[in-house]
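So the structure is just underneath, and the comments pick up after that.
Here is how names work: the chains are called A, B, and so on, in the same order as the sequence lines, proteins then strands, and each is numbered from 1. Please read these numbers as outputs of a predicted model, since none were measured by experiment.
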Amino acid sequence: MSIIATIKDKIANAIDNLYQQKIAIHEIQINETKQEFNGDYTLVTFPLTKILRKKPDEIASELGAYLIKNDSLFVAYEVIKGFLNVTISPNYYFDFLKNNYLNQNLGFAAPNQKKVMIEYSSPNTNKPLHFGHLRNIFLGHSVAAIMKQAGYEIIKANLINDRGIHICKSMIAWQLFANGETPKEANMKGDHFVGRYYVMYNDEFKKQVKQLIEEGRSEEDAAKNAPIFIQAQQLLRQWEAGDQETILLWKRMNEWVYEGFYATYEKMGITFDKFYYESNTYLLGRDFVMKALANGVLFEKEDKSIWIDLQDEGLDQKLLLRGDGTSVYITQDIGTAVLKYNDYKMDTSVYVIGDEQNYHMQVLKLILQKMKEPCADGIYHLSYGMVELPSGRMKSREGTVVDADDMIDEMKAIAQKNTEELGKVQNFSEPQLAELYTQLGLGALKFYLLRVDPKKKMMFNPQESIDFHGFTGPFIQYGHTRICSILKKATIQNFEINQAIEMSLAEKNILKLVEQYPTVVEQAATEMNPSLIGNYVYQLVKQFNSFLVDHSILKAEQEDIMKFRLQLCMICKHIISNSLFLLGIDAPEQM
RNA sequence: GGUCCCGUAGUUCAAUGGAUAGAACGAAAGUUUCCUAAACUUUAGAUACAAGUUCGAUUCUUGUCGGGACUACCA
């Protein structure tokens, strides 16, 4: 049990004994004591005043005195303005460290029999990945790792949006402008190559629209009648009709894109257990829609289009099937949701999708609930904020994007530059150096995107490169290497301490954080929020660095103190490397 | 128009309704004969505005101002 839970328990007990009152655990509020006061944890007594009909200070004093007298866990208390600050016995932390410094499972929970699918990345196959996608990918990867460690069975899924008008746009542009050129001939990564034609499509489209408007057409009319748009639509119809030539081109161009994506995923250390392709699933939703229509959940309009009425839920009417019987976006999603459930029967199905689709996901869940599909209640939209540039949102169509591959390369280059300037890895071979640059570059990038609460939108300024100092990935990685360096130089084998030692405030502060690690992981899993891990591990490393300044480890005053500090190093090393792992970041041993 | 989200130091981010609102970058000053200075230590600097609920509000409610998303028979 965590120390906070223990304290709550003991206080509930004390209240029962002192005042003959049963109090629910959640009524007891424990905070960490602020730096400027004496103590480790603080009971806020205000909420108890109503129940106990006593003044805050009275409650605090009586409880404090009782705890000190009856429980060796507490060694001191102080009452300030209704707050009861208690000091935890160093022995508690001493024992905690003794029992856990070799525990490689600290922060791991037992399996909880819950199965969770996490869908993330889910790219369109018409353009390369950009910086915004990276937030999605790193988030999904990290949440999967965190939840797995918290005891869930995890399926990592990627739903590839490989069909639709946007793909046809790249296809038509390639047909018109490429002269049969391949990525190899252009010496480009496949996804970038295809993305180039997507941009060409949009340039041409704009040109044509402008011309039509000059000829006197309205803007809306021009957009609908631009020849290249008509051609793209024609390609989509041909694709849906199964036209050989169109399908072949589609397959060919998608292969180019996949090759590029897989290379990027591999570079970033991102993996999936299951791929779904929209080209396989886009027809599945129709049957469910028809079934629901028969059950009276949906209604049909005069033109045979099929709708759901969500006005009772505060939303609008929503189209599910066009009058001509073809699917729309949400029709596909209904089908895919059911398919996923049939494949895995998971308890929860997480969708890592930007908050621009909040409405869409709300509708999707509601529809499935109304259809009484068993997958419905497990649907959870892990909604994250967009990454914005100083100039506003990233939009592929408008070319205002920061490319993912470029970004990774740039981060590696910065890692290399910094490393060379510091000159601390002269013993490394070329491949080792290359690996280190990747670890540090990706570490900086991933941490940068994961340290912010996923729900919140975040700003990225490409003019200011991502830092390697302060609250960053490399700072954490550096903390890890310093510990590794010390442990490598330690000569003793036996870390058993003979006599209890007196620990300093700095040491106790580190142990306080160490003890909280399992709780932090659990909370990050419950909230699906990796930033909690990022913030936590940063605190820990900062405490540790500050401890290192005035505490000698290998030249400690006594052998027992050295052993104690080495134990401290070992447990911190585990937590730091494990925290980084949960964020998808490698922890090098030397940098 | 309707629905929803967001306004915290110069900048980027923290803060289950709790004490004197924390960090980082940037700015100013300092620390290395000693386990990695990618580090550490100081200093200056913020809750958009106005009411309300509360013992207590950055947090909850309402209004004002400012920003954003969604509201397609696009995906």
Identify all pairs in which a protein N or O lies below 3.5 Å from an N or O of nucleotides 3-11 of chain B, and state each distance.
none

Classify the nucleic acid contact of A:P56 as base, sugar-phosphate or nothing, counting any heavy atom under 4.0 Å across all strands shown. nothing
Checking side-chain contact (heavy atoms from CB on, under 4.5 Å) against A:N529, which of A:L382, A:D453, A:L139 comes through? A:D453
Honestly, is A:K446 close enough over A:F138, meaning NZ or CZ under 6.0 Å from the six-membered ring centre and within 45° of the axis? yes
Write down the distance between CE (A:M361) and C1' (B:A69), rounded to a whole number of angstrom. 16 Å
Rounded distance in Å - CZ (A:F205) to P (B:C74): 14 Å
Would you indicate which nucleotide in B:C55, B:U71, B:A75 comes nearest to any side-chain atom of A:E278? B:A75
How far, in whole Å, is B:A9 from B:U43 if one measures between their C1' atoms? 14 Å
Greater than 12 external heavy atoms within 6.0 Å of A:K318's NZ: yes
Name the orientation class of the two ring planes belonging to A:F299 and A:W307 (parallel below 30°, tilted from 30 to 60°, perpendicular beyond 60°). parallel
Quick check on B:A24: is either OP1 or OP2 less than 4.0 Å from any side-chain nitrogen or oxygen of A:T472? no
Identify whether any heavy atom of A:S305 sits under 4.0 Å from a base atom; if not, whether one sits that close to sugar-phosphate; answer base, sugar-phosphate or nothing. base
So A:H360 and A:Y329, would you call those rings parallel, tilted or perpendicular, with 30° and 60° as cut-offs? parallel
Suppose you measure atom P in B:C70 against the same atom in B:A50; what distance do you get, rounded to whole Å? 33 Å
Which is it for A:Y198 and A:H166 under the ring pair (Phe, Tyr, Trp, His ring centres under 6.0 Å) test, yes or no, and what are the steps along the way? CA-CA 8 Å; A:Y198 185 66; A:H166 52 293; 7.7 Å; no
Per-residue pairing states of RNA chain B in dot-bracket (Watson-Crick or G-U under 3.5 Å; . unpaired, | other strand) read (((((((..((((....[...)))).(((((.......)))))....(((((..]....))))))))))))....
Quick note, A:D316 side chain, CB onward, closest among B:U71, B:A14, B:A23 is B:U71
Evaluate the criterion side chain to side chain donor-acceptor pair (under 3.5 Å) for residue pair A:D162 and A:S279; output intermediate values, then yes/no. CA-CA 6 Å; A:D162 62 346; A:S279 55; 2.6 Å; yes
Check every strand shown and say whether A:S531 touches a base, only sugar-phosphate, or nothing at a heavy-atom separation below 4.0 Å. nothing
Between protein and nucleotides 19-22 of chain B, what N or O pairs are separated by less than 3.5 Å?
residue, atom, partner, partner atom, Å
B:A19, N6, A:T42, OG1, 2.7
B:A19, N6, A:N85, OD1, 3.1
B:A19, N1, A:N85, OD1, 3.2
B:A19, N1, A:N85, ND2, 3.4

Students often get this wrong, so: under 4.0 angstrom with heavy atoms, is A:Q590 touching a base, only sugar-phosphate, or nothing? base
Rounded distance in Å - CD (A:Q311) to P (B:G2): 16 Å
Is a salt bridge present between A:K457 and A:E356, judged by a nitrogen-to-oxygen distance below 4.0 Å? no
Please confirm whether A:R135 makes a cation-pi placement over A:Y384, using NZ or CZ under 6.0 Å from the six-membered ring centre and within 45° of the ring normal. no
When all nucleic acid strands are considered with a 4.0 Å heavy-atom cut-off, which category describes A:Q362: base, sugar-phosphate, or nothing? nothing
Between B:U54 and B:U61, how far is it from one P atom to the other, in whole Å? 16 Å
Could you give the CD-to-P distance, from A:Q29 to B:A15, as a whole number of Å? 16 Å
Show me the protein contacts with nucleotides 25-35 of chain B, counting only N or O atoms at under 3.5 Å.
residue, atom, partner, partner atom, Å
B:C35, O3', A:K489, NZ, 3.0
B:C35, O2, A:L554, N, 3.1
B:C35, N3, A:I553, N, 3.0
B:C35, N4, A:L548, O, 2.9
B:C35, N4, A:H551, O, 2.3

Just call it for A:M591: base, sugar-phosphate, or nothing, with non-hydrogen atoms closer than 4.0 Å on any strand. base
Show me the pairs that pass side chain to side chain donor-acceptor pair (under 3.5 Å) and involve residues 466-482 of chain A, at least two apart or across chains. A:R482-A:N545
For B:G45 and B:G26, measure between their C1' atoms and round to the nearest Å. 12 Å
Give A:F475 one of three labels, base, sugar-phosphate or nothing, depending on what nucleic acid heavy atoms sit under 4.0 Å from its own. sugar-phosphate
When we call it a touch if two heavy atoms are under 4.0 Å apart, what does A:L422 touch: a base, just sugar-phosphate, or nothing? base
Looking only at B:A75, B:C40, B:A14, the nucleotide nearest the A:N535 side chain is B:A14
Partners passing side chain to side chain donor-acceptor pair (under 3.5 Å) against A:D586 (at least two apart in sequence or in another chain): none
Classify the nucleic acid contact of A:N161 as base, sugar-phosphate or nothing, counting any heavy atom under 4.0 Å across all strands shown. nothing
